[in-house]
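For reference, the structure is listed below as C-alpha cells.
On a predicted model such as this, the values are computed, not experimentally measured, just so you know.
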Amino acid sequence: MTSTRAPGRHQSRGDLPKSRDDLPADAEDPVRTERFADAVKDTLEAAGISLRPLAARLGKAGFYIAPATLSDWKNGNIVPDRDGYTLDRLLALARETDADAGRLVAAYHQTAPGPWDLRRRARHPLAPATDESDPTPLKATLEARGCTNEGAITLVDAAEHLQIGSTRRPRRSDLAYRALVLQPGVRRYWVRYTVDDQAPTTIMAGDRCTIGTCVTARGPGYHVRAVELRLDRTYDVGATAEFGFAILTRPPEPDPGVLSPPGWFRVVTDPACRRLCVDLSFDPHERPASVRQVVWEKDTRADDPDGAPVGSPDGHFHWEVLDPLLTAYGYVWTWPGPLDLAAPPWGGAR
C-alpha cells in the first residue's frame, strides 16, 4: 500500500505561516494536513493501549495496521491512500478504540479530500461463491448503475423486526438505521433486496426519508431491486443520519408441498457497525416447534447450522448484538408439522 507524506508536518511551529493569508497560492494548508494526525493521536491517547496490542486486535478483526504505521499516522509522517482498504482500517480503528468514527473520517477527508477508490477493499469473510442462482452478479449490475452505498454512507446501528405470517412466510420487516456519512453532500441511502417473482415486495418509507428511484435487475425466477431512500436533508462527511422504513411482502398462495424458509439472518458488512438488533415474531396461530439463535461463521447456505435454542412465551424473539463481527446473525426454526390449509373455525381469512 502506497501512501503520501504529509507536507509541512515536520516544520517547527515557529516556521509555520502566522495566518492563511501568508500562504503561497499553491501551498498546502499546514493546519489542514495536521487534522488527520491530530485525530489519530487523540484516538490512540484516549484508548490508553499501546500500539502492539492494538495492532494485534485490529489484525484479529481482519484489518491489520502495523504499529509503525499507527505511529506514522499519529505523528503526521504518513497520510494513507484514499482507497477502500484505508476506509475499512479507519472504521476498524475507531471501533477497536471505542472512538468517534465520524471524527476520524471527517479529519481524514479534510486532510485528503476526494472520492474513495473502492477497487481495493478487504474481502468480507462471508463473501459468497458465485453460481447461477446467486444474486451477487445482479447486485454488481446495480452497483455499476450507481445504486450503491459504498464509500458514501455506512451503517453504525441497525435494528430489524421481521414478522412471519400465518402462511409461514415473511410478511413485513421494519427497519431502523443510523448511518455514518463518508462523503460530503450525501442525501440518499440505497436499499437492495432479492425478491422471488412469486412474492411481490414493496418498500414503505418511515421516519426522515421518502421513496425515490427504483432500479431492478432480473434473474431466473427472481430479481434484485434497489430502492433509493431520499433522506430528510443533505449530510456532511462525519455526520450521522437516522431513518427508518419497512419491507412489505405479499406471499404466494400457501402450498403444503412447498417448504417455507426455515431461517433468516442479516450480514454485518462493515466494521463501522457497533450494534445489530434482530427481532423475530411469529403469527399467534402458526408458532414454530423450536427456534435457535445462530452466528454464521462460514457459509450462510449451510443446511443445518449450529445455534443456541431460545424460547418465547409470545412468539417474539429479541437479540441485540453489540460490536458484532463481520458475519451473519439470525435464527433458524422448525415447524411442528405441515401447514394446515383448512379455513379457521371462526370463518376468518389467513
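- Among all heavy-atom pairs drawn from Y331 and V278, the shortest one is OH-O, 2.7 Å.
- Using a 4.5 Å cut-off on side-chain heavy atoms (C-beta onward), L248 and R250 make no contact.
- Looking only at side-chain heavy atoms (C-beta outward), R208 and R233 stay at 4.5 Å or farther from each other.
- One hydrophobic cluster, built from ILVMFWY side chains closer than 4.5 Å, cannot hold both M204 and V215; they sit in different ones.
- Not one N or O on the side chain of S71 forms a donor-acceptor pair closer than 3.5 Å with the backbone of P67.
- A 4.5 Å side-chain heavy-atom check between T69 and I78 finds every atom pair outside the cut-off.
- A side-chain donor from one of H316 and S281 sits under 3.5 Å from a side-chain acceptor of the other.
- V294 approaches G307 most closely through the heavy-atom pair CG2-CA, 3.9 Å.
- Summarising the geometry of A226 relative to C147, their closest heavy-atom pair is CB-CB, 3.7 Å, with the distance given to 0.1 Å.
- Remark: the T43 side chain and the T97 side chain contain no N/O donor-acceptor pair separated by less than 3.5 Å.
- A cation-pi contact links R82 to W116, judged by a cut-off of 6.0 Å to the six-membered ring centre and 45° from its axis.
- Taking 4.5 Å as the limit, every side-chain heavy atom of H223 sits out of range of all side-chain heavy atoms of L138.
- Under the 3.5 Å distance criterion, with hydrogens and angles disregarded, a donor-acceptor pair is assigned to the side chains of D279 and H318.
- The salt bridge (Lys or Arg N to Asp or Glu O under 4.0 Å) pairs that include a residue from residues 43-58 are R57-E96, where partners are two or more places apart or lie in different chains.
- In this structure, the salt bridge (charged side-chain N to carboxylate O under 4.0 Å, His left out) partners of E320, at least two apart in sequence or on a different chain, are R275.
- With rounding to the nearest 0.5 Å, the separation of SG in C209 from CZ in R188 is 14.5 Å.
- Two residues are said to be in side-chain contact when any heavy atoms from C-beta on lie closer than 4.5 Å; L58 and L93 meet this criterion.
- Between the side chain of D100 and the backbone N or O of G102 there is at least one donor-acceptor pair closer than 3.5 Å.
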* Asked: So T167 and E286, side-chain contact (heavy atoms from CB on, under 4.5 Å) or not? Walk me through it.
  -> CA-CA 8 Å; T167 60; E286 288 293 339; over 6 Å; no
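- In this structure, CG on D157 lies 12.0 Å from CG on L180, to the nearest 0.5 angstrom.
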* From CA spacing to verdict: side-chain contact (heavy atoms from CB on, under 4.5 Å), W73, I65 -> CA-CA 10 Å; W73 284 7; I65 310 175; 3.9 Å; yes
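- Looking at D83, its side chain does come within 3.5 Å of a backbone N or O of T86 through a donor-acceptor pair.
- In the hydrophobic clustering of this structure, V332 groups with V267; members are Ile, Leu, Val, Met, Phe, Trp, Tyr whose side-chain heavy atoms approach within less than 4.5 Å, directly or through other members.
- A salt bridge is absent between D38 and K74; no separation between the charged side-chain nitrogens and carboxylate oxygens falls under 4.0 Å.
- The OG1 atom of T154 sits 3.0 Å away from atom CG of D270, with the distance rounded to the nearest 0.5 Å.
- Aromatic rings of F317 and W264 (six-membered ring for Trp) have centroids beyond the 6.0 Å cut-off, not under it.
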* Could you go through the side-chain contact (heavy atoms from CB on, under 4.5 Å) check for L54 and L44 one step at a time? => CA-CA 9 Å; L54 176 57; L44 297 177; 3.4 Å; yes
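- Taking hydrophobic clusters as Ile, Leu, Val, Met, Phe, Trp and Tyr residues chained together by side-chain heavy-atom distances below 4.5 Å, V310 shares a cluster with F282.
- Atom CG of D323 has more than 12 neighbouring heavy atoms from other residues, nucleotides or ligands inside a 6.0 Å radius.
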* To do: Check the pair Y108 / L90 against side-chain contact (heavy atoms from CB on, under 4.5 Å), numbers first and verdict last.
  => CA-CA 9 Å; Y108 178 78; L90 289 180; 3.9 Å; yes
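- Within the 3.5 Å criterion, the main-chain N or O of W333 finds no donor-acceptor partner in the side chain of S290.
- Between P170 and L162 there is a side-chain heavy-atom pair separated by less than 4.5 Å.
- How far NE2 of H109 is from CG of L182: 10.5 Å, rounded to the nearest 0.5 Å.
- For the atom pair C273 SG and L91 CG, the distance stands at 11.0 Å (nearest 0.5 Å).
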* Asked: Does the pair R187 and D232 meet the rule for a salt bridge (charged side-chain N to carboxylate O under 4.0 Å, His left out), with working shown?
  -> CA-CA 8 Å; R187 195 174 181 176; D232 58 342; over 6 Å; no
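- Atom OG1 in T201 sits 6.5 Å away from atom CZ in R225 (nearest 0.5 Å).
- Using a 4.0 Å cut-off between charged side-chain N and carboxylate O, E228 and R230 make a salt bridge.
- Side-chain atoms of R168 do not come within 3.5 Å of backbone N or O of R287 as any donor-acceptor pair.
- Without hydrogens or angle criteria, R89 side chain to Y64 main chain gives a donor-acceptor distance under 3.5 Å.
- Contact check on D98 versus R274 returns a salt bridge, with a Lys/Arg side-chain nitrogen under 4.0 Å from an Asp/Glu carboxylate oxygen.
- L155 shares a hydrophobic cluster with I153, L175, Y177, V181, V186, Y189, V191, Y193, V195, I203, I211, V227, L229, L231, Y235, F243, F245, I247; the chain of contacts runs through ILVMFWY side chains whose heavy atoms sit under 4.5 Å apart.
- The hydrophobic clustering, which links ILVMFWY residues whose side-chain heavy atoms are closer than 4.5 Å, places V237 and L118 together.
- Using modelled atom types, one finds a donor on one side chain and an acceptor on the other under 3.5 Å when comparing E160 with S173.
- A246 and R172 make their closest contact through CB-NH2, 3.8 Å (heavy atoms, listed as atom of the first residue, atom of the second, distance).
- Between the side chain of T141 and the backbone N or O of P137 there is at least one donor-acceptor pair closer than 3.5 Å.
- Taking hydrophobic clusters as Ile, Leu, Val, Met, Phe, Trp and Tyr residues chained together by side-chain heavy-atom distances below 4.5 Å, L104 shares a cluster with I49.
- Among all heavy-atom pairs drawn from A106 and G238, the shortest one is CB-CA, 4.2 Å.
- The number of heavy-atom neighbours closer than 6.0 Å to CG of D306, taken from other residues, nucleotides and ligands shown, is 12 or below.
- The two residues A328 and F265 make their nearest non-hydrogen contact at CB-CD1, 3.8 Å.
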